[in-house]
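Computed from heavy atoms alone, side chains included, the values below leave out hydrogens, waters and symmetry copies. Order of the sequence lines sets the chain letters (A, B, ...), proteins ahead of strands, with each chain counted from 1.
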2 protein chains.
Amino acid sequence: MTRTVPVAQYLFRRLHELNCKSIHGVPGDFFLRALDHVRPAGLNWIGNANELCAGYAADGYARAGHHVAARRSGTGPKVGALFTTYGVGELSAINAVAGSYAESISVVHLIGTPSRKAWRTASAARPLHHTLGDGRMGVYAEMAKQITCAQTKFHEHDRVAEAVQAYDETLRECVLRSKPVYVSVPVDMMEVRVSAELLERPLQISAPSNKHDTEDQLVQSIAERIRKARQPLLVVDGLSYPYDFLTEVNALANMIPTACFGSAMGAVDGSARYWMGTLSGPTEYSSSTDLVLLAGPMLSDTNTAAWTAIPPTESRILFNLDSVEMEGQVHPVQGKVVLQKLVRELSSNAPKPILMSEKKTTTAQYTSASNAADRITQDVFWSTMSSYLKPNDTILLANGTPLIGGRDMTFPSPTQVVASSIWCSIGQMLPAAQGISLAKRDSGLPGRTILFEGDGSFQVTCQALSDIIRYRLDVTIFIVNNGGYTYERWLNGMEAEYNDVPSWRYAKAASFFRAEDHQDDYPVLEKTVRTMGDLQDLLAQDGIHAGKGLKLVDVVMDAEDVPGRAKAGLRKASEALRAQP
Amino acid sequence: MTRTVPVAQYLFRRLHELNCKSIHGVPGDFFLRALDHVRPAGLNWIGNANELCAGYAADGYARAGHHVAARRSGTGPKVGALFTTYGVGELSAINAVAGSYAESISVVHLIGTPSRKAWRTASAARPLHHTLGDGRMGVYAEMAKQITCAQTKFHEHDRVAEAVQAYDETLRECVLRSKPVYVSVPVDMMEVRVSAELLERPLQISAPSNKHDTEDQLVQSIAERIRKARQPLLVVDGLSYPYDFLTEVNALANMIPTACFGSAMGAVDGSARYWMGTLSGPTEYSSSTDLVLLAGPMLSDTNTAAWTAIPPTESRILFNLDSVEMEGQVHPVQGKVVLQKLVRELSSNAPKPILMSEKKTTTAQYTSASNAADRITQDVFWSTMSSYLKPNDTILLANGTPLIGGRDMTFPSPTQVVASSIWCSIGQMLPAAQGISLAKRDSGLPGRTILFEGDGSFQVTCQALSDIIRYRLDVTIFIVNNGGYTYERWLNGMEAEYNDVPSWRYAKAASFFRAEDHQDDYPVLEKTVRTMGDLQDLLAQDGIHAGKGLKLVDVVMDAEDVPGRAKAGLRKASEALRAQP
């Protein structure tokens with residue numbers, strides 16, 4: 001007799017195989033009892049307060065797998081997963097899924113839909129709830145197609161065995177293309193049984209093998225270009241995290257002058273021989289480079305100081321996930337493999353010693369110059385907080401002043417910094433922190449999860465704090481409480497009322513969301529700091545440095561304050577917005 | 001010299017013409033200083049905590065225009081409006097906009113996008129933030145096309161005068177088709193000036209005139225069918241609100257036996273001669289009717305007790321917005337005009353007196369039978385709360401037990417009940433209440449805004465409470481605090497942990513969101529009630545009956561409790577979900 005498993009069980013067991021041990025979401029009636037299969041498959045169900053939070057959390061969960069500790073141990077998740085209901089649920093999460101697409105994060109979006117019969121007989125005369133009322137039942141999948149790299153719709157398959165194989169293929173695409181995928185399962189198929197033998201064949205997740213000759217030739221010519229370059233520059237960019245380039249770029253940083261864009265902060269060990277720091281704009285060296293190697297490039301305006309940070313030179317070599325671009329030619333090879341071979345090639349035949357005219361970025365220590373009664377300024381805050389960080393931390397920078405201020409921090413090694421390269425959606429990072437902390441716990445990864453949040457951002461997805469508390473996750477949050485969208489103030493209206501946000505009692509949040517105070521197994525620390533003295537007192541406490549439990553620090557700052565370094569750039573961006581085409 | 005106005009000003013002045021006096025949204029960098037033009041155009045900017053709340057609030061704002069008081073005075077808004085930023089903003093609101101589409105609500109969604117130059121030069125090599133990074137800049141508009149009835153994209157127009165005329169046409173569609181529309185404006189066009197003369201021609205918002213002969217013939221044959229019917233039944237459905245059928249269906253309810261589906265509660269005066277109440281399932285009369293007139297039909301499963309409430313007869317006449325369907329034929333005429341003529345025809349030549357075998361629905365008064373120490377049950381709660389309602393109230397029923405329990409209430413006349421007919425998205429109603437209360441204030445409409453909320457729903461969009469407080473809106477909220485998704489429990493797993501939601505300190509919410517207590521101009525009342533005694537004490541207070549300020553009542557009930565009447569239906573729905581196709 002053939003052993004069988006229900007479809008729902010199959011879905012979850014495959015996720016488990018990808019080291020995804022938790023599924024985020026909000027249940028819906030089209031789930032049937034699918035969630036009863038979560039635990040038997042070795043997973044946890046994480047019931048988020050809403051679907052947008054679930055989507056961001058699933059994205060964060062996948063990002064935790066990019067931490068160097070996860071790569072080394074091989075235990076980190078390869079995907080994040082969320083499960084929402086048809087229509088109302090999936091659309092509420094769609095902004096998060098689109099963000100995963102934009103930033104190349106592997107997320108599996110499962111959707112529980114109406115029955116196969118409903119799909120066959122759909123009509124405007126007898127519309128189902130959660131539809132648009134006009135019989136167009138496939139609309140949401142059409143929308144999702146724009147922002148996912150592969151889709152499996154179970155109701156389109158006559159045979160369930162065929163459907164689960166299409167699912168396997170979709171998971172493969174998710175991992176190999178590093179993009180979200182869409183998987184919809186009708187309610188009446190959740191419990192349909194499929195042969196368990198299918199599960200005995202492991203998922204085939206391996207990149208197509210490169211043509212060695214092409215690769216070797218390419219590596220040779222790249223190495224030659226580097227050796228001949230007067231002033232080469234490796235720029236590590238944000239997609240080096242999902243593309244798993246960290247080992248290679250760290251090796252190269254000991255051979256070639258190396259910098260990063262904001263979204264790749266933390267990716268390179270600051271003690272590397274040729275490390276130059278984060279490019280917040282053009283530097284003397286970057287302006288006059290004659291060869292730029294770009295690893296995991298995401299060359300958006302926000303990430304590249306509006307494309308000014310490196311010259312618009314012809315001499316660029318781009319290392320992508322599944323291609324390398326050089327002299328206008330796109331070579332269909334695995335970027336990681338080429339980088340690996342390049343490291344080997346350069347190690348055995350090193351480029352001539354390179355004169356570094358540039359100094360490494362060092363962080364000014366303003367803290368000691370402050371008086372205890374001084375208000376906390378952005379300039380002082382970010383450099384002060386550098387000393388708070390420890391190896392293995394994952395540091396999230398919310399869109400807004402944290403994304404700017406984070407560039408003034410120094411990161412111990414290894415750390416992972418999560419800073420949006422292109423999506424830049426406020427509200428993303430609190431639920432992402434929930435997902436990351438969970439993945440760290442699920443996979444036994446070391447280090448704290450630390451979020452630098454904005455007040456405007458916090459208000460977008462505040463219920464994620466309830467999710468953090470509900471699942472007793474270890475997260476430390478510093479809220480930059482400056483009464484508004486300060487980034488927007490600098491761009492479009494410094495004193496405009498529409499850039500204000502109301503002043504919540506942030507330091508009462510955990511109590512509102514009912515974290516039980518003083519529980520030994522889940523310590524909660526809430527605190528408002530207004531002066532440098534307050535901040536120093538806080539940092540002098542042992543408790544604030546421990547990763548365990550929830551820490552929520554409400555850091556009061558001035559509404560118009562931004563790091564001094566960033567002011568010129570913000571003024572320029574504001575002018576650029578005003579320029580006629 | 002020709003007077004000119006900036007495009008942004010033009011957008012807002014047209015909204016003002018449609019009695020829309022507030023715009024909801026979250027600002028973005030692609031707005032430039034557009035929001036500076038809101039007040040000069042006579043509007044208010046409502047800065048919501050997030051875009052989903054803004055979308056639901058704009059939907060609610062438009063619904064306030066369906067209140068009979070708004071129809072009578074002609075002052076109610078004809079549309080709601082929201083303004084979000086490109087990509088991240090618009091996608092966060094898309095579930096709400098899709099809901100407006102499904103439930104036929106007129107909402108104008110404005111989007112600030114990158115500049116015309118960016119649209120022309122878009123590429124994967126130089127991607128802008130908020131894009132997907134691959135140069136496909138039109139993706140979000142493609143998605144929106146699925147869930148809006150008309151679109152204007154300003155960047156597609158060479159001449160700005162042409163663009164604003166397309167905008168006018170799109171607004172016209174929004175009102176006439178009673179569906180949301182999509183209007184995107186690039187950042188560099190916000191301040192481009194356009195002739196003010198264009199604004200001097202008012203918007204032409206009138207339905208195409210019907211062919212009188214066709215209409216009259218149709219009305220005659222409908223009247224004849226009614227007169228010949230043994231047992232005719234008028235079923236008023238939810239779309240009677242947006243289609244403005246209220247006057248007509250109330251007149252008919254004095255001539256023909258009349259009932260309603262859940263989404264049309266409040267639409268018909270309970271004292272009408274032939275009023276039979278809300279159909280929660282088939283009744284003796286409805287089962288044996290030989291002619292059903294359906295006004296504003298939205299025949300979804302959830303709204304019609306899975307299509308059992310009325311027989312699947314051939315003898316149906318459907319009155320839609322711009323068509324009437326009879327005997328399988330669709331007549332392209334204005335439903336409202338046909339109904340008006342039908343009322344006139346039947347008034348002068350009345351149908352034969354109809355024998356009503358059915359009694360009007362009366363609400364049992366359990367309250368007096370309760371002991372003060374009794375826990376509050378669903379059966380007792382809804383009937384008790386009937387006595388709390390007053391004429392002109394707008395009552396919102398959140399998806400979940402309030403949508404079920406509301407059917408046990410009696411509504412004084414006139415009231416408006418907002419109960420989802422098809423979209424059924426949890427989290428919709430709190431922000432909708434914000435929008436409704438605001439529209440009532442903007443338009444000077446009478447009556448309170450009362451929300452019966454679920455705890456699961458509240459957690460989805462809790463930040464809407466901050467918006468309510470920020471703008472000092474008058475809203476009364478009763479939260480059914482039963483620890484989870486009770487509706488889901490009955491369908492898919494009564495004791496399943498995934499149907500639990502965490503227990504927040506709801507009665508501390510206003511304080512967390514910083515409503516200042518005891519301010520005379522914005523009184524705040526927060527209270528938890530656990531027993532019938534608590535509830536009776538609360539209802540004995542004068543303060544709870546006043547509409548002014550914020551009232552938030554946390555009503556603790558049992559996790560598995562639902563109104564007794566609904567249990568059989570829920571069991572059936574649960575079985576239906578399990579049935580193989």
How many angstroms lie between CD in B:Gln146 and OH in A:Tyr140, if you round to the nearest 0.5 Å? 10.0 Å
Ranked by heavy-atom pairs below 4.5 Å to chain B, first place among A:Asp134, A:Asp36, A:Asn499, A:Leu318 goes to A:Asp36
Taking A:Arg505 for the side chain and B:Ser511 for the main chain, is one N or O donor matched with an acceptor at less than 3.5 Å? yes
Distance, nearest 0.5 Å, that separates OH of B:Tyr498 from CH2 of A:Trp45: 9.5 Å
Heavy-atom cut-off 4.5 Å, strictly under: side chain, backbone, both or neither for B:Glu488 against chain A? side chain
Specify the closest pair of heavy atoms between B:Ile422 and A:Pro127, including all atoms of both residues, with the distance to one decimal. CD1-CB, 3.9 Å
Contact winner vs chain A - B:Gly427, B:Pro27, B:Ala573, B:Pro114, heavy-atom pairs under 4.5 Å: B:Pro27
If you tally heavy-atom pairs under 4.5 Å against chain B, which of A:Leu299, A:Leu32, A:Val501 wins? A:Leu32
Give the minimum heavy-atom separation between B:Ser92 and A:Leu52, together with the two atoms involved. OG-CD2, 4.5 Å
Most heavy-atom pairs under 4.5 Å with chain B, out of A:Leu35, A:Thr85, A:Thr302, A:Ile94, belong to A:Leu35
Below 4.5 Å from any heavy atom of chain B, which atoms of A:Tyr485 appear? Answer side chain, backbone, both or neither. side chain
In terms of relative ring orientation, are A:Phe512 and B:Phe512 parallel, tilted or perpendicular, with 30° and 60° separating the classes? parallel
For B:Val460 versus A:Asn50, what's the shortest heavy-atom pair and its separation? O-ND2, 2.9 Å
Between CH2 of B:Trp423 and NE2 of A:His130, what distance do you get to the nearest 0.5 Å? 8.5 Å
When the 4.5 angstrom heavy-atom criterion is applied to B:Ala509 and chain A, the contacting part is both
Scored by heavy-atom pairs under 4.5 Å with chain A, the best of B:Cys424, B:Ala306, B:Ser104, B:Ala124 is B:Cys424
Less than 4.5 Å to any heavy atom of chain A: does that hold for the side chain of B:Glu325, its backbone, both, or neither? neither
Among A:Ala496, A:Gly89, A:Ala102, which residue has the highest count of heavy-atom pairs closer than 4.5 Å to chain B? A:Ala102
Could you look at A:Thr304 and say if it's the side chain, the backbone, both or neither that has a heavy atom under 4.5 Å from chain B? neither
Considering only heavy atoms and a distance below 4.5 Å, find which of B:Arg126, B:Met143, B:Glu90, B:Glu51 pairs most often with chain A. B:Arg126
Specify the closest pair of heavy atoms between B:Leu91 and A:Ala98, including all atoms of both residues, with the distance to one decimal. CD1-CB, 3.7 Å
Check: A:Asp29/B:Tyr487 side-chain N/O donor and acceptor closer than 3.5 Å: no
If you round to the nearest 0.5 Å, how far is NE2 of A:His129 from OG of B:Ser421? 12.0 Å
Please report the shortest heavy-atom distance between B:Val88 and A:Ser425, naming the atom on each side. CG1-CB, 3.5 Å
Cut-off 4.5 Å, heavy atoms of chain B, and the answer for A:Val26 is side chain
Distance col, row B:Gln459:CD vs A:Gln463:CD, nearest 0.5 angstrom, shows 8.5 Å
Salt-bridge test for B:Glu142 and A:Lys145: reply yes if a basic N is under 4.0 Å from a carboxylate O, no otherwise. no
Name the option with the most non-hydrogen atom pairs under 4.5 Å to chain A; the candidates are B:Val139, B:Asp467, B:Leu128. B:Leu128
Interchain contact, B:Arg470 with chain A, by part (heavy-atom threshold 4.5 Å): side chain
Can you tell me which portion of A:Asp500 sits under 4.5 Å from chain B's heavy atoms? Options are side chain, backbone, both or neither. both
Atom group of A:Arg39 that falls short of 4.5 Å from chain B, counting heavy atoms: side chain
Please flag which part of B:Ser574 lies under 4.5 Å from any non-hydrogen atom of chain A: side chain, backbone, both or neither. neither
So which of A:Lys508, A:Gln428, A:Met298, A:Arg33 has the biggest tally of heavy-atom pairs under 4.5 Å with chain B? A:Arg33
Using a cut-off of under 4.5 Å for heavy-atom pairs, which of A:Asn303, A:Val187, A:Thr131 has the most such pairs with chain B? A:Thr131
Structural part of A:Leu491 lying under 4.5 Å from a heavy atom of chain B: side chain
Portion of A:Glu497 that has a non-hydrogen atom of chain B nearer than 4.5 angstrom: both
Reported CG-to-OG1 distance for the pair A:Asn95 and B:Thr84, which is rounded to 0.5 angstrom: 10.0 Å
